[in-house]
Amino acid sequence: MKTPIFFLIACLGLAILPNMAPNATHQQLTAQIAAQITATPLRSPTPTVTLTPTLTLTPSLAPTFIATSVPNFISAESALWTPPAPVNRVSGNFLFGRPFAFQHNTYWSREYSYGSTKRGQLQVHHGLDFSNPSGVAVLAVADGVVYYAGPDVGRMFGPRPDFYGILVVIEHPYMYSTGQKIYTLYGHLRQEAVYTGQAVKAGQVIGYVGATGVALGPHLHLEVRVGDPESYDATRNPELWLTPYEGNGVVAGVVRDIYGNKLPGVQLELQAPGNNHLTFSYSGTRVNGDNRLGENFVFADISSGYYYLIVKGADGGLAHRQLLYVWPGQVTFVEVFLMP
Ligand SMILES: [Zn+2]
């Protein structure tokens, strides 16, 4: 009786036979066919193609502080050395490049960071401001499709019409941890260079710096939005998305009272010799921490190394101080509880 296996071998043999000696016996043929069949996998593993990267913000192991790598300025204050507060090293969602070419300013205003009020002078910031002269080309931070390009007069993207002036919103082929889509918004443009529905590549010119809408001078206002591209309440901190430059990392954290409530407007500093940074915890109720991190402050794109994290109390005095390490290309996450 002919089995299906024999039939399979016979079918394969059609393809293999040209390699056989013409005068081979049936047994030799069978042996050679069997040998080739075993040597040649019928099915090779099919790699899984991931078209839409899913963000992973999985906390990894807590860091190990290595005494030998502690710089001198730390050792000199060894009396202040305390066991590090809970710090996690996590991967960032660094999916985006800078919205400007290198010959222009690629850094945002630190004193008006996401969620801050510039010391009470301005309304709570839902994005980052990049100062550059009017007319400088604004680049897409990642591939995507233009969700909207034009003025926000007939269509609301902010708290009121004509808030962003001429803006471009790009939908990116990435999925947030919640399964929602991710968008970037570019506001106050002098002119857009793309049209709604157009596919764009990372680094492509999408418009030009201007001061349209509510803007004090020419700059780019960049936002990251999750889920609803038209909602002013859907923003996240772009500092967690812009890829740090080589050797740089990010500190993100949350500062709470002892009851666990997030404290707004707290002044925080990162201090290392000749390398100090200042920020404020998020204010208001319309800005958001990352869904997984739940941060309310970020220091982004800073040189890797040891820093003191200084947290100021409401009276301006020192409320908390701890040492932490910034890893290149990663996020150091820290949680601080302040006594009343
Ligand atoms: Zn802004």
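Numbering of ligands and ligand atoms starts at 1, following listing order.
Annotation: cation-pi geometry not satisfied between Arg225 and Tyr232 (NZ/CZ under 6.0 angstrom from ring centroid, within 45° of ring axis).
The closest approach of His221 to the Zn ion (ligand 1), by N/O/S atoms, is made by ND1. Distances from the Zn ion (ligand 1) to each N, O or S atom of Asp129 single out OD1 as the nearest.
We find the CZ-NE2 distance between Phe163 and His126 to be 7.5 Å, quoted to the nearest 0.5 Å.
When distances to the Zn ion (ligand 1) are checked against a cut-off of 2.8 Å, His125 contributes an N, O or S atom below that limit.
Under the side-chain contact (heavy atoms from CB on, under 4.5 Å) criterion, Lys262 pairs with Val254, Arg256, Asn296, not counting sequence neighbours. Residues passing the side-chain hydrogen bond (donor to acceptor under 3.5 Å, both in side chains) test with Asp143: none are found, sequence neighbours excluded.
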